[in-house]
Amino acid sequence: MQSSAQQPSLFTPEDLPEVSTPWEIVDSEDQLYAEVVFNLPMLKSYHYLVPSGLRDNIRPGSRVRVPFGTGQKLTQGYCVSLTRTRPAHRNFKSIESLLDVAPLVDAAMLRLTRWISEEYLCSWGQVLDSVIPAGVKSKAGTRELLHFELAEGYETRLTTLKLSATQQRIVDVLRSTTEPMAGDELTSLAECGLSPLQTLRNKGIVVSTKIRTWSKSVSSAGENDTSAILLNRNQHSAVTRVIESLASGKSETFLLYGVTGSGKTEVYIRVIEEVVRYGRQAIVLVPEISLTPQTIRRFRKRFASVAVLHSHLSDAERHSYWQQIARGQVQVIVGARSAIFAPAPNLGLVVIDEEHETSFKQDSTPRYHAREVARQRVRDAGIPLILGSATPTLETWLRGIRKEEIVLSLPYRVAQRPLPPVMIVDTRNDQSLQKGASLGRAMLVAMRESLAKKGQIILFLNVRGYSPALFCRACGQSVRCPDCDVTLTYHKQRQIALCHSCEYSIDPPTSCPNCGKPGLLFLGQGTERLEHEVKARFPGVSVLRMDSDTMQQKGSHDRALESFRQGEVRILLGTQMIAKGLDFPNVTLVGVIDADTSLHQPDFRASERTFQLIAQVAGRTGRGELGGKVLVQTACPDQPAILYAARHDYAAFARQELEHRHTLGYPPFVRILRIILRGEIEADVEKAAERIRLGMESKGLERGGMLAKILGPAPCPVARLKKYFRYQLQISHPSGEVLGQLWRDVEPVAPELVPVEISVDLDPISFR
DNA sequence: AGCACGCCGACT
DNA sequence: GTCGGCGTGCTC
């Protein structure tokens with residue numbers, strides 16, 4: 001159209017396809033075009049010609065190598081669709097090659113990844129590329145080997161040829177098989193070297209092909225043991241209800257709301273057994289931290305083939321599992337967040353255990369939440385989803401209240417064990433705590449009592465290192481990271497002052513770097529300091545500290561837990577990593593050293609997190625004959641999160657917290673889009689954030705009958721991180737779609753804002 | 001994200 | 001007079 005409007009010269013190269021002879025029309029109608037997306041932050045897709053040699057093998061989902069950009073540089077991309085109609089574009093480049101024999105993603109996975117890219121505001125290619133493990137893309141654990149087979153019509157050729165004895169042996173070996181044979185296997189069977197093989201190939205008797213094979217086989221045998229555990233009534237009715245749903249072909253979501261120790265895992269297993277009976281597969285997502293040998297064993301015992309996808313797998317192992325899963329050879333896939341993308345061909349169920357865990361949200365692009373991806377995947381597949389938790393997120397709980405999802409309750413612990421009593425210790429009234437100790441009087445008494453009765457103790461403190469601040473009493477400053485807006489944590493054992501944001505470290509200063517005066521105070525408690533204090537208070541009692549400093553080595557985690565299980569260790573203390581999942585019947589005391597750490601986070605979920613934390617650690621005790629109790633040290637004993645946690649009353653906590661969130665206009669009543677901007681010059685960053693705000697305001701904030709609210713621009717709670725200044729905007733509106741529209745409206749201005757980097761996070765879970 | 005094209009400062 | 005700074009705009 002353009003060309004006719006501007007009086008073209010007759011035969012410019014671009015016009016040639018237009019003035020076409022009949023055979024050219026036929027030819028162009030017969031062309032196949034592939035729509036290709038890239039792992040780049042661009043929303044556009046690009047069309048390529050499919051050369052005839054690739055026509056039979058290319059599928060939507062195929063990984064392709066194409067020339068992209070200026071020059072002939074080859075870039076990896078993903079074919080997302082194929083079409084015969086010529087897209088509106090002048091010149092097309094051709095696909096150079098396919099990267100895999102079979103597409104790595106099927107139609108369902110294409111739909112799922114497209115949904116993620118739209119929901120979480122990033123490109124389809126970015127999602128596709130992050131969903132496929134690196135080991136799968138690099139074909140880790142496999143290599144290309146020359147394979148040999150007899151050439152077509154080799155027999156007629158043999159009539160005119162004389163073969164040596166060795167050559168004859170090779171032909172005999174190949175006659176006995178129908179498959180191409182690897183070179184080394186062939187030469188060893190025929191007891192010969194490579195040269196007679198070369199000769200036969202030159203004579204046209206055998207032909208060779210490159211075939212990709214596994215370097216060594218990775219097996220996954222399971223020990224089957226269907227020892228049935230008797231279900232209690234609540235468990236039984238939960239199982240029955242989900243199994244009904246399985247048969248219905250509907251996609252229902254169940255919230256399995258069960259206190260710690262109520263037997264949620266057994267419910268999952270029973271339902272999965274039913275799924276497996278139908279010849280289908282199940283995905284079980286667990287927090288990475290729960291991927292302990294204990295959990296794994298539990299599934300391996302009950303199912304013949306289980307794939308456990310944890311972060312310590314080698315690329316080759318991961319690749320092998322992926323292939324086995326894709327072939328339908330795996331019944332149950334247990335893994336962390338990314339296991340939601342397991343390529344199970346006939347998925348029958350998804351389970352998310354500890355649904356409230358924040359590790360299900362990915363903190364880099366694509367910033368998806370595995371729970372929401374699961375909701376989408378099960379909806380598409382028409383299968384049920386089970387979300388399990390003792391302390392569900394308020395997002396999930398509200399769906400239950402609104403009857404959008406089905407709540408199945410397990411209100412009792414198995415074997416009728418009671419939940420442990422939780423005592424709140426007001427630290428404001430304790431002299432020793434005022435002086436900087438970690439263990440208050442009540443805690444010490446409880447510890448002595450517990451040890452006297454041969455019980456074990458777990459102490460929880462979510463701060464690693466010795467003390468989180470080095471404070472100068474002369475000038476009132478703390479020692480800070482030069483690149484981040486945080487204080488340095490003193491690590492006594494490693495003899496460093498360390499930044500927990502960027503790993504920057506210095507030798508521990510003896511005098512204030514700010515004013516030069518000596519005598520820095522070690523302010524606050526970390527696990528290292530707690531360990532010192534416990535050892536000083538309880539000489540001769542074996543104490544073990546578990547945090548990311550002591551658990552560096554592979555297998556140290558398991559060894560530590562094993563020695564606690566054996567009773568060699570009486571007191572286990574540590575961070576987050578000891579709060580979840582541990583099940584030791586001898587633990588009679590759990591101490592929360594400082595409940596206020598989580599309560600005082602600058603995050604509207606601080607209260608929810610604190611409740612979850614106390615409930616989770618409380619779940620570590622009272623699991624055996626000896627019973628148990630929980631002590632929570634806090635300076636805020638009147639906080640609802642702490643009060644309700646002490647009463648084990650999640651429902652009441654949720655009721656008041658929901659009311660609070662409703663009043664203040666927080667999730668789950670709205671959704672939040674957080675826009676984070678970072679750059680080296682503070683003024684640029686702030687200006688860019690302001691531009692985005694103005695852009696949104698000018699596009700109109702009233703959408704769907706509601707006004708989107710914008711908070712900011714404001715410096716992020718950690719205003720400086722790794723040398724970058726950071727600003728944020730928070731936009732809230734009940735509809736995620738509206739938030740998406742708002743971003744898409746202003747996104748085009750983003751490139752003008754360089755050198756400021758922008759990232760967007762829907763439903764953010766961290767506000768640092 | 002690359003990478004080239006394109007207009008203003010310190011060098012031969 | 002050139003070499004090169006990185007600002008902006010495109011990639012089927």
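If you're wondering where the values come from, they're calculated on a predicted model, not measured in any experiment.
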With respect to the side chain of [X], which nucleotide from [options] is positioned closest?
{"X": "Lys73(A)", "options": "dC12(C), dT11(C), dC3(B)", "value": "dC3(B)"}
{"X": "Phe92(A)", "options": "dC12(C), dA1(B), dT11(C)", "value": "dC12(C)"}
{"X": "Met42(A)", "options": "dA1(B), dC12(C), dA4(B)", "value": "dA1(B)"}

Item to check | Side-chain ion pair, Asp129(A) and Lys137(A), N-O less than 4.0 Å | outcome: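 Salt bridge flag = yes for Lys137(A) with Asp129(A).
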[X] has an atom [atom1]; how far is it from atom [atom2] of [N], in whole Å?
{"X": "Ile681(A)", "N": "dC6(C)", "atom1": "CD1", "atom2": "P", "answer": "13 Å"}
{"X": "Lys44(A)", "N": "dT11(C)", "atom1": "NZ", "atom2": "C1'", "answer": "8 Å"}
{"X": "Phe68(A)", "N": "dC3(B)", "atom1": "CZ", "atom2": "P", "answer": "12 Å"}
{"X": "Asn91(A)", "N": "dT11(C)", "atom1": "CG", "atom2": "P", "answer": "11 Å"}
{"X": "Leu40(A)", "N": "dG2(B)", "atom1": "CG", "atom2": "P", "answer": "7 Å"}
{"X": "Ile95(A)", "N": "dC12(C)", "atom1": "CD1", "atom2": "P", "answer": "13 Å"}
{"X": "Gln126(A)", "N": "dA1(B)", "atom1": "CD", "atom2": "P", "answer": "8 Å"}
{"X": "Glu757(A)", "N": "dA1(B)", "atom1": "CD", "atom2": "P", "answer": "7 Å"}

Next on the checklist: Using modelled atom types and a 3.5 Å cut-off, is there a donor and acceptor pairing between side-chain atoms of Arg337(A) and backbone atoms of Ser359(A)?
Outcome noted: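 Flag set: sc Arg337(A) to bb Ser359(A) pair under 3.5 Å.
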Checklist entry - Any sub-3.5 Å donor-acceptor pair from Arg367(A)'s side-chain atoms to Asp363(A)'s backbone N or O? => result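 Flag set: sc Arg367(A) to bb Asp363(A) pair under 3.5 Å.
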Next on the checklist: Between Ser320(A) and Gln324(A), is there a side-chain donor-acceptor contact under 3.5 Å, judged purely by atom types and distance?
Outcome noted: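 Gln324(A) vs Ser320(A): donor-acceptor pair found between side chains.
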Checklist entry - Which part of the nucleic acid, if any, lies within reach of Pro87(A) when heavy atoms closer than 4.0 Å are counted: base, sugar-phosphate only, or nothing? => result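 It contacts nothing in the nucleic acid.
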Item to check | Tyr48(A) side chain near dC12(C) phosphate (N/O to OP1/OP2, under 4.0 Å) | outcome: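 So the side-chain polar atoms of Tyr48(A) do come within 4.0 Å of the phosphate oxygens OP1 or OP2 of dC12(C), strictly under.
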Next on the checklist: By a 5.5 angstrom centroid cut-off and a 30 degree plane limit, is there stacking between His89(A) and dC12(C)?
Outcome noted: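 Per 5.5 Å and 30° rule: yes, stacked.
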Item to check | Six-ring centre of Phe725(A), Arg720(A) cation under 6.0 angstrom, axis tolerance 45° | outcome: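 Yes.
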